[in-house]
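Order of the sequence lines fixes the chain letters, A, B, ..., with proteins taken first and strands second; residue numbering starts at 1 for each chain. Note that the structure is a prediction, hence the values are computed from the model and not measured. Scope of the values below: all heavy atoms of this structure, side chains included, with no hydrogens, waters or symmetry mates.
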2 protein chains.
Amino acid sequence: MLYLVGLGLGDAKDITVKGLETVRRCRRVYLEAYTSILTVGKEALEEFYGKELILADRETVEQEADSILKEADVCDVAFLVVGDPFGATTHSDLVLRAVKLGIPYKVIHNASIMNAVGCCGLQLYNFGETISIVFWTDTWKPESFFDKIEKNRQNGMHTLCLLDIKAKEQSLENLMKGKKIYEPPRYMSVNQAAEQLLAIIQNRRLQGTEPEITENTICVGLARVGAPDQKIASGTLSQMSTVELGGPLHSLIVTGTMHPLELEMLQLFSADSSSFENNAFQRTT
Amino acid sequence: MLYLVGLGLGDAKDITVKGLETVRRCRRVYLEAYTSILTVGKEALEEFYGKELILADRETVEQEADSILKEADVCDVAFLVVGDPFGATTHSDLVLRAVKLGIPYKVIHNASIMNAVGCCGLQLYNFGETISIVFWTDTWKPESFFDKIEKNRQNGMHTLCLLDIKAKEQSLENLMKGKKIYEPPRYMSVNQAAEQLLAIIQNRRLQGTEPEITENTICVGLARVGAPDQKIASGTLSQMSTVELGGPLHSLIVTGTMHPLELEMLQLFSADSSSFENNAFQRTT
């Protein structure tokens, strides 16, 4: 049996009781290590589970799926995923390959950023399409995600923006030389995401259009959701470019139309209470 | 401290390790009992937690929040919620009341139907607004949710339809007599939801408009997601009106535009493989 086990978002104890029992029973346990991180490292997980973990980076999962699935028809193998196995990154590839090999699979769900963002008080059923904001480079500055945020907001919907993770990047030099030497991981902060959005707003104005989303649009910055040192800050998009949220992982929400109860919750987390006076209330009246 | 603890979706062991430790430590433990159900009852939870649970129905939470929060500034109180505390139903009211009383709170997240539906292979970031389908009565047959599904589909987005739960309903007679006698709980099935959608399609045609969603639109019926006897069936909306999924809780997804990998996953669950030949593929080509 292949078990896809969600680890939740915080630390080792965010695994479910069922998940923990499963991990302890499995012959081999893989830890998916490229799309997200917990606030604790592999060693802390190994100690808590009492099991050695095999790190599975993107290459392992894509190129060596068969080795992950080896003998999973006669023994139990677990594949651990931060969040939920079908959250922000799905593992459909691995499931489909298992099914083709006649290997049964089970999913042990957990919280993922896709539902845990509800903790800021915005209601999950009022979210539109989720988007990803990627790191801009000197030569590549895509803006397509901005149009999706605008569309959501025009429809009154909030937008969850997942922020880029570069977990196993090669420098151009190492890539060209074929050297598997990797740069330190980079995680986009709410500040960086807000700055890119503000730059797009400026670009749009230079092109003669006034975007629906402006410097004053109410946003929510979230850091380390589900961890003991979780931080949430609500305020204008401008404020998001300077708000202090600490280490990764960060997520950003651009609000749509807010229900009074949503607004009241957001104010618990306001970076600066004046930011709500001129903006958010206008959207609900 | 007030702890809002998600229980996940299946049985007693779907609580997280952190959640279980918290429950065992709390002076009073409430179980929210009106928006969702686990596949096991209160007694099974009490036995596993080693704690007595106080059932909190809608009236308790709304009218007696102060009794739930009593002394939570000096002792630990847990409020248990099936799924995640900020999933399909949010508990913002309770949080806001706690904050006003100066009571600190913590959220222990878990899977909810809002993210666990990803197990069917449709990607969560391709979902638009989540809608609720309510039981029609002889005199009240709202159709507004249909327009939201249509809008999502026009935007290429999938729609998660949460199906009605009548957990503590009074008959009109008992209501008028002020008798607190309740009808047996009712849970909308995928069959019933599909029938209401098919009726709306007929209504629209009688009004001279051809809806975007038809009898042949690919849908996914899900039952008891996260439980050992979970069932998923994909097929046309017509097929959803007769598919056998067993006991509650059910959810329905109306698909938007599908990515080939999403389609491949859905086919694992197809009620009748021929349903995919004429429909879904047309949407991706």
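- The distance from atom CG of B:Leu263 to atom OG of A:Ser92, rounded to the nearest 0.5 Å, is 12.0 Å.
- Considering all non-hydrogen atoms of both residues, A:Ala111 and B:Asn115 come closest at C-ND2, 3.9 Å.
- Most heavy-atom pairs under 4.5 Å with chain B: of the set A:Val17, A:Thr130, A:Ile108, this distinction falls to A:Val17.
- Shown here is B:Gln154, whose CD atom has more than 12 heavy atoms of other residues, nucleotides or ligands within 6.0 Å.
- Of the atoms belonging to B:Ile15, heavy atoms from both backbone and side chain fall under 4.5 Å from chain A.
- Side-chain contact between A:Phe86 and B:Gln123: absent, with no pair of heavy atoms (C-beta onward) separated by less than 4.5 Å.
- Contact count versus chain A (heavy atoms, under 4.5 Å) is highest, among B:Val117, B:Leu4, B:Asn155, for B:Asn155.
- The line from CE of A:Met265 to CG of B:Asp93 is 9.5 Å long, rounded to the nearest 0.5 Å.
- Between B:Leu268 and A:Val99 there is a side-chain heavy-atom pair separated by less than 4.5 Å.
- Under the salt bridge (Lys or Arg N to Asp or Glu O under 4.0 Å) criterion, A:Lys51 pairs with no residue, sequence neighbours left out.
- Remark: A:Leu124 CG to B:Leu160 CG distance equals 10.5 Å, nearest 0.5 Å.
- With chain B as partner, the option from A:Gly226, A:Cys119, A:Ser132 having the largest number of non-hydrogen pairs under 4.5 angstrom is A:Cys119.
- Contacts between B:Glu21 and chain A at a heavy-atom distance below 4.5 Å involve the side chain alone, from C-beta outward.
- Inter-residue side-chain proximity for B:Asn110 and A:His109 is flagged as unmet; no heavy-atom pair is nearer than 4.5 Å.
- Contacts between A:Met157 and chain B at a heavy-atom distance below 4.5 Å involve the side chain alone, from C-beta outward.
- The structure places CD of A:Glu129 at 12.0 Å from CZ of B:Phe127, a figure rounded to the nearest 0.5 Å.
- For a heavy-atom cut-off of 4.5 Å, chain B lies close to A:Lys151 in residues 143-152 of chain A.
- The shortest side-chain heavy-atom distance between B:Lys13 and A:Thr16 does not fall under the 4.5 Å cut-off.
- The choice from A:Val107, A:Asp14, A:Leu96 that makes the most heavy-atom pairs within less than 4.5 Å of chain B is A:Leu96.
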